[in-house]
Amino acid sequence: MPSAELTPTSVHEPDPVKPTKVDQVAAAGSELIGGPIGRRALLGASWWTPVRVVALVAIGMFALGLVQKAPCYNSGWFFGASSQYTHACYSDIPHLYQGRGFADGLVPYFDKLPGDMQYLEYPVLTGVFMEVAAWLTPGSGSIQHQEQWYWMVNAGMLMVCAAVIVVCVSRTHARRPWDGLLVALAPAFALTATINWDLLAVALTASAMLMWSRGRSLAFGVLLGLATAAKLYPVFLLGPLFLLCWRAGKWRDFGKAFGGTAVAWLAVNLPVMLFAFDGWSKFYTFSQERGVDFGSFWLILAQNSSDPLSTDTVNTFATLLMLLCCGAIAALTLTAPRRPRFAQLAFLIVAAFILTNKVYSPQYVLWLVPLAVLARPKWRDFLIWQACEVAYFLGIWMYLAYTTSGNAHKGLPTDGYHWAIGLHLLGTLYLCAVIVRDILMPERDVVRLAGDDDPSGGVLDRAEDVFVFGAGARPGRHAAPFDGPQVEWGGEGTADRSL
């Protein structure tokens, strides 16, 4: 193990990274509020700490997202087939208040629902979130009045989740608190925050990432298990973590994380699984039985084919594609010249699931926003991706307006919607590509430019490799300082860019 004298953090505590000093787009954007931060600025000397500023900005943007839904609040959700689409203000929340039995006091998973959907098709913790919001919704007045209240109650609860997300992102990379502004100002984040209940799982995942960055493996596992009980995607983070812990030999910490995840998930799911198995399993059976749906490249293939693939065939091919992506990520992890950062691989694995899945609802972008900020906190790349996601957000609603407007055909036809899907796919692939480039060429990684290794990696940060092969096994390509010549990361006058 390297001695304490060789670790850069033992020499001095690096200063916080100022985005306006290292990011041209951030510097240009700062002109709206007075320009880049000056050398005489008293950082942390007042109540206005970076985390508090970021949290307030996030709440402000969330409120703007609520205003964007205003055209639907009094009319679009209740009158007319396409108004909620032409105004791009659709939300599942008011529709499912009655559609999933909350208005009638039915107990999720235990009571059957009238209609085609026999049970609530959401994971258990999300169902609990929905039920709590129903308890807080006044039961008097018209059904429209109740649905309006239900949406507002959920919006308030989801706003808390949004604040948790930006605070956790700001604190995960201790030297980069201002990166949380990327989440707070993300237009797709504000536009999709109240479409569904995904922010609950995103907040729990962000909290788990923060715990892992602090070396609290068990707390990470518990929070990740709760996140998985709210949405399926968080469990995929265990895959990259396994590979990184394998490369670094951190088996005990991975065991704690895995155990915490399993116990927390079971604690939430087991009671419902035992006493209402049919209702509990609906989420999983629905996911398998669901046909090709909006936002996926599978939909483009289906709508341009005279003989579309069956649902079972699509499920098989989607699973195979996901497994191929997992294999590629595994090879990248174990052969990279420097051990990849946890956030980089977390983004790649979730993005792979989104890209290969047979459905992409517009709110799924929320899964990626915090991970994208931690993986590639570069304003230019982030905004390119966000522009593609906003285009898709508008595209799906205009397409639905087209399909529900009858002979008027108001909106975006099928070919135009396919272009919107293509933009979403290309934007996500672009961000994946620059992250992979950062992994293969660590000197291009903006997080590592100042000498950091993996600030979100917890026990992985500056740990030595114990298992690595290929390019990663060559001298001078270790993940942590080692005896011999040291490679300086970032800074002016860096002599060695060989990594």
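All of these numbers come straight from a predicted model, not from anything done at the bench. Along the sequence shown, the residues carry numbers beginning at 1. In what follows, every heavy atom counts, from backbone to side chain, and hydrogens, waters and symmetry copies are set aside.
Residues Cys161 and Ala203 share a closest heavy-atom pair of O-CB, 3.7 Å. Taking every heavy atom of both residues into account, Ala190 and Met61 meet most closely at CB-O, 3.6 Å. Shortest non-hydrogen contact noted between Gly291 and Lys358 is O-CD, 4.2 Å. Residue Ser217 comes nearest to Asp253 through the heavy atom pair OG-OD1, 3.0 Å, listed as atom of the first residue, atom of the second, then distance. Scanning all heavy atoms of the two residues, the minimum distance from Val268 to Ala229 falls at CG1-CB, 3.8 Å. The nearest pair of heavy atoms linking Ala188 to Val390 is N-CG2, 4.2 Å.
Ring geometry for Tyr360 versus Tyr364: interplanar angle over 60°, hence perpendicular rather than tilted (30 to 60°). Ring geometry for Phe294 versus Tyr417: interplanar angle over 60°, hence perpendicular rather than tilted (30 to 60°). The aromatic rings of Tyr233 and Trp367 sit parallel to each other, their planes meeting at less than 30°, with 60° as the upper class boundary.
Side chain of Gln68 to main chain of Ala88: a donor-acceptor pair is present (N/O by atom type, distance under 3.5 Å, no hydrogens or angles). Put simply, the side chain of Asn269 gets close to the backbone of Trp265: a donor and an acceptor are under 3.5 Å apart. When atom types are taken as modelled, the side chain of Asp453 and the backbone of Arg462 share a donor-acceptor pair closer than 3.5 angstrom. Remark: side-chain polar atoms of Thr205 are not paired, donor with acceptor, to backbone N or O of Ala227 under 3.5 angstrom.
For an aromatic pair to be called close, the ring centres must be under 6.0 Å apart, and Trp379 with Phe382 fails this.
Scored by the side chain to side chain donor-acceptor pair (under 3.5 Å) test, Arg252 finds no partners at all (sequence neighbours excluded). Take Phe242 and apply the side chain to side chain contact (heavy atoms under 4.5 Å, CB included) test, not counting sequence neighbours, and it matches Trp246, Trp251, Phe254. In this structure Gln363 satisfies the side chain to side chain donor-acceptor pair (under 3.5 Å) test with no other residue, sequence neighbours excluded.
The OG atom of Ser361 lies 8.5 Å from the CD1 atom of Ile195; values are rounded to the nearest 0.5 Å. Ile396 contributes atom CD1, which lies 11.0 Å from atom CE of Met398 (distance to the nearest 0.5 angstrom). Atom CD1 of Ile349 sits about 11.5 Å away from atom CD1 of Ile354, to the nearest 0.5 Å. In this structure, CG on Leu191 lies 11.0 Å from CH2 on Trp397, to the nearest 0.5 angstrom. Between atom OG1 of residue Thr172 and atom CG of residue Leu374 there is a gap of 5.5 Å, rounded to the nearest 0.5 Å. One distance of note links CG of Asn357 with CZ of Phe297; it measures 9.5 Å at 0.5 Å rounding.
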(message) Using side chain to side chain contact (heavy atoms under 4.5 Å, CB included), reason through Arg376 and Arg437 one step at a time and then give a plain yes or no.
(response) CA-CA 11 Å; Arg376 178 67 179 172; Arg437 183 202 61 187; 3.2 Å; yes

(message) Set out, in order, the CA-CA distance, both residues' side-chain angles and the distance that settles side chain to side chain contact (heavy atoms under 4.5 Å, CB included) for Glu289 and Thr311, then state yes or no.
(response) CA-CA 7 Å; Glu289 297 167 356; Thr311 298; 6.0 Å; no

(request) Would you please test Arg176 and Asp179 for salt bridge (Lys or Arg N to Asp or Glu O under 4.0 Å) and show each step? (result) CA-CA 6 Å; Arg176 305 183 63 92; Asp179 287 345; 2.6 Å; yes

(request) Applying side chain to side chain contact (heavy atoms under 4.5 Å, CB included), run through Ile439 and Leu345 and close with a yes or a no. (result) CA-CA 9 Å; Ile439 292 173; Leu345 297 184; 4.0 Å; yes

(request) Please lay out, stage by stage, how Thr356 and Cys325 fare under the test side chain to side chain contact (heavy atoms under 4.5 Å, CB included). (result) CA-CA 9 Å; Thr356 60; Cys325 291; 4.2 Å; yes

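Residues Leu460 and Trp212 form a side-chain contact, since some pair of their non-hydrogen atoms from C-beta on lies under 4.5 Å apart. You'll find the side chain of Pro442 reaches within 4.5 Å of the side chain of Pro337, heavy atoms only. Side-chain atoms of Arg171 and Ser213, non-hydrogen and from C-beta on, never get closer than 4.5 Å to each other. In this structure, Val365 and Tyr392 have side chains that are not in contact, with every pair of non-hydrogen atoms separated by 4.5 Å or more. In this structure, the side chains of Trp298 and Ile421 stay at 4.5 Å or more apart for every pair of heavy atoms. Using a 4.5 Å heavy-atom threshold, the side chains of Met209 and Val169 count as separate. Between Leu238 and Thr261, the closest side-chain pair of non-hydrogen atoms falls below 4.5 Å. Annotation: side chain of His418 is in contact with side chain of Asn304 (closest heavy-atom distance under 4.5 Å).
Each of Arg338, Arg175, Arg341 was scored for a salt bridge (charged side-chain N to carboxylate O under 4.0 Å, His left out) with Asp452, with one residue passing: Arg175.
Asp454 and Ser456 share a side-chain donor-acceptor pair at under 3.5 Å.
Phe317 CZ: 12 or fewer foreign heavy atoms inside a 6.0 Å radius.
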